[in-house]
Chemist: 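The structure under discussion is supplied below as structure tokens; questions concerning it will follow.
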Protein chains: 2
Amino acid sequence: MATPDTGAGTQTPGKPRLTREAVLAKALEIVDADGADSLTMRRLGQELGRDPMGLYRYAENRAALLDGVAELVLDDLSLTPSDPDWKGQLRTLAHDLRLLALRHPNVVPLLVTRPLSTPLGLRPLGTLRPLEQILSLLVKAGFRAPDALHVYRAYYGFLYGHILNELQEYIVDPDENEALLRLGLHRLPPKEFPRLRSLAPALVEYDGAEELDQGISILLAGLESQLKRQQDSASM
Amino acid sequence: MATPDTGAGTQTPGKPRLTREAVLAKALEIVDADGADSLTMRRLGQELGRDPMGLYRYAENRAALLDGVAELVLDDLSLTPSDPDWKGQLRTLAHDLRLLALRHPNVVPLLVTRPLSTPLGLRPLGTLRPLEQILSLLVKAGFRAPDALHVYRAYYGFLYGHILNELQEYIVDPDENEALLRLGLHRLPPKEFPRLRSLAPALVEYDGAEELDQGISILLAGLESQLKRQQDSASM
DNA sequence: ACCTGAACACCGTTCAAGT
DNA sequence: ACCTGAACACCGTTCAAGT
């Protein structure tokens with residue numbers, strides 16, 4: 001026949017065919033362990049027990065691999081756009097994303113940086129899904145579509161800003177945290193940095209979840225009053 | 001004598017001694033032109049007409065060079081902590097930082113990412129100066145020091161979030177913008193991305209300055225009511 | 001003491017050579 | 001048609017050799 005053996009039997013034992021999922025999962029493992037810079041084609045190939053060149057079957061290049069890792073992590077996020085309690089949804093989504101960032105701190109730079117080099121329309125679908133869902137949630141809550149976009153921007157901007165802030169103050173070992181911080185702040189010239197130096201205790205007691213929650217509250221209050229104004233003016 | 005010629009005459013013509021400032025200025029030039037990945041020791045050395053190894057006199061390593069570039073850009077920022085109109089100061093600082101980001105889009109990933117790998121106390125002084133000044137501004141405005149820290153976080157988080165948002169939607173060539181956007185959005189599966197697809201026109205009309213200003217207004221309103229509550233409860 | 005550049009241990013990616 | 005790996009054109013950084 002014209003169709004030859006499809007090759008099911010030609011695989012070397014111990015080398016089941018790779019999948020894109022398996023490749024990305026291992027890539028995420030490397031990023032989590034050693035940071036995005038450590039994710040090289042050669043190392044990924046080695047940890048998968050394959051020729052590094054074979055990876056080009058699963059990602060066009062290294063940049064696409066990094067995008068894939070970001071997408072994989074965002075897949076853990078979910079919200080229910082049909083929930084009428086839109087503020088509650090936004091609040092829990094914020095906390096979900098925060099926890100995800102704390103679980104994968106080395107991925108955050110990818111989340112924040114990769115989209116800067118890809119026009120919105122060309123991003124991986126996985127990274128656009130939260131945007132679509134939030135828009136859907138807001139439209140169902142009564143926002144007109146263009147306003148939903150503004151709200152999304154304010155919300156997501158605030159959320160990512162908070163996460164970056166928190167990770168910047170976060171130090172891996174909590175025991176070392178206080179000592180290291182004092183040490184570092186002590187280095188600052190007292191005349192030039194009086195406030196910052198005196199805030200060492202407050203910096204140590206940082207509670208990210210609480211801080212995020214308060215910020216979200218401020219934002220939601222502002223947004224709700226905006227929604228009310230909009231509905232009032234529409235019903236006149 | 002024991003002190004020999006200090007070497008002022010030994011320089012090859014056309015090779016005046018480099019300064020850290022000159023090195024960083026050229027580094028910024030490269031980042032602005034081609035992105036942070038293109039800033040290599042070898043290329044920087046070549047564009048300065050020097051042996052790349054000589055650069056290690058001005059920066060400990062490549063990472064320190066990137067920190068230096070971030071610091072250099074932030075030096076353009078200034079605010080007057082003594083101004084009693086703290087809300088006005090925060091608002092103009094926000095716009096200043098936004099314009100700076102639009103002028104140096106390739107530096108933004110550095111601004112956002114580099115601090116993640118350095119504990120707060122160990123950052124370059126230049127990147128801590130805005131923090132100190134904002135704290136000073138807020139304390140003079142009546143916030144207690146620990147609250148000033150919370151306000152700073154909310155403010156700076158929101159600001160950076162906005163800038164990241166705006167740059168993600170920003171496309172270099174405005175003429176190409178609309179076409180490219182439509183093209184990109186058209187690629188999305190209609191059933192899965194109905195809202196996003198329908199928002200193409202709104203996405204094209206994005207006005208970053210206006211969006212930032214509204215966000216700041218929401219935030220400042222929330223913050224001022226917080227300040228009021230605090231002062232009321234203190235005077236009881 | 002300072003400067004220079006060879007050398008080392010890596011990179012991503014292309015592409016010719018095998019099967 | 002697929003897979004493999006040699007080869008190319010780069011990296012950052014160390015350190016020995018020069019002055």
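Owing to the predicted nature of the structure, the values given are computational and were not obtained by experimental measurement. Sequence lines set the chain letters: A, B, ... in the order given, protein chains first and strands last, and positions in each chain run from 1.
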Chemist: Just jot down the side-chain hydrogen bond (donor to acceptor under 3.5 Å, both in side chains) partners of A/Glu71, sequence neighbours excluded, or say none.
Modeler: none

Chemist: To the nearest angstrom, how far is B/Asp37 atom CG from C/dC11 atom P?
Modeler: 16 Å

Chemist: Sort and list the pairs that fulfil salt bridge (charged side-chain N to carboxylate O under 4.0 Å, His left out) and have at least one residue in residues 117-134 of chain A, not counting sequence neighbours.
Modeler: A/Arg129-B/Glu192

Chemist: Can you measure B/Arg43 atom CZ to D/dA9 atom P for me and round it to whole angstrom units?
Modeler: 19 Å

Chemist: Is there a side-chain contact (heavy atoms from CB on, under 4.5 Å) between A/Gln133 and B/Arg195? Walk through the geometry before answering.
Modeler: CA-CA 9 Å; A/Gln133 291 185 322; B/Arg195 315 281 181 197; over 6 Å; no

Chemist: Tell me, which pairs form a side-chain hydrogen bond (donor to acceptor under 3.5 Å, both in side chains) where one or both residues lie in residues 21-33 of chain A, sequence neighbours left out?
Modeler: A/Lys26-A/Glu29, A/Asp32-A/His104

Chemist: Between atom CZ in A/Arg50 and atom P in D/dT4, what is the gap in whole Å?
Modeler: 8 Å

Chemist: Tell me, which pairs form a salt bridge (charged side-chain N to carboxylate O under 4.0 Å, His left out) where one or both residues lie in residues 96-115 of chain A, sequence neighbours left out?
Modeler: A/Asp67-A/Arg114, A/Arg98-A/Glu166

Chemist: Who passes side-chain contact (heavy atoms from CB on, under 4.5 Å) against B/Arg43, sequence neighbours left out?
Modeler: B/Ile30, B/Asp34, B/Ser38, B/Thr40, B/Glu47

Chemist: If I take atom CE in residue A/Met41 and atom C1' in nucleotide C/dC10, what distance separates them, rounded to the nearest angstrom?
Modeler: 16 Å

Chemist: Going by the rule ring pair (Phe, Tyr, Trp, His ring centres under 6.0 Å), which residues pair with A/Tyr155 if we only count those two or more places apart in sequence or in a different chain?
Modeler: none

Chemist: Of all residues at least two apart in sequence or in a different chain, which pass the side-chain contact (heavy atoms from CB on, under 4.5 Å) check with A/Ala64?
Modeler: A/Ala59, A/Glu60, A/Asn61

Chemist: Rounding to a whole Å, what distance do you find between A/Arg42:CZ and D/dG5:C1'?
Modeler: 10 Å

Chemist: Shortest non-hydrogen contact from B/Thr113 to A/Pro109?
Modeler: CG2-CB, 4.0 Å

Chemist: Take atom P in D/dA9 and the same atom in C/dA9, then report the distance between them in whole Å.
Modeler: 22 Å

Chemist: Looking at the side chain of A/Arg17, which of C/dT4, D/dC2, C/dG12 is the nearest nucleotide?
Modeler: D/dC2

Chemist: Want to settle it: does A/Gly54 or B/Ser38 sit nearer the 5' end of DNA chain D, counting the closest nucleotide to each?
Modeler: A/Gly54

Chemist: Which nucleotide in the list D/dT13, C/dT4, C/dT14 gets nearest to the side chain of B/Met53?
Modeler: D/dT13

Chemist: Which helical stems does DNA chain C take part in, if a stem means at least 3 consecutive Watson-Crick or G-U pairs with both distances below 3.5 Å?
Modeler: C:4-8 with D:12-16, C:12-16 with D:4-8

Chemist: Got a sec? Which of residues 56-68 of chain B come in under 4.0 Å of DNA chain D, heavy atoms?
Modeler: B/Tyr56, B/Asn61, B/Arg62

Chemist: Near DNA chain C, under 4.0 Å by heavy atom, which residues of residues 105-117 of chain B?
Modeler: none

Chemist: How would you list, by chain and number, every residue that makes a ring pair (Phe, Tyr, Trp, His ring centres under 6.0 Å) with B/Phe193, sequence neighbours excluded?
Modeler: none

Chemist: Could I get the full list of ring pair (Phe, Tyr, Trp, His ring centres under 6.0 Å) partners for A/Phe158, not counting sequence neighbours?
Modeler: none

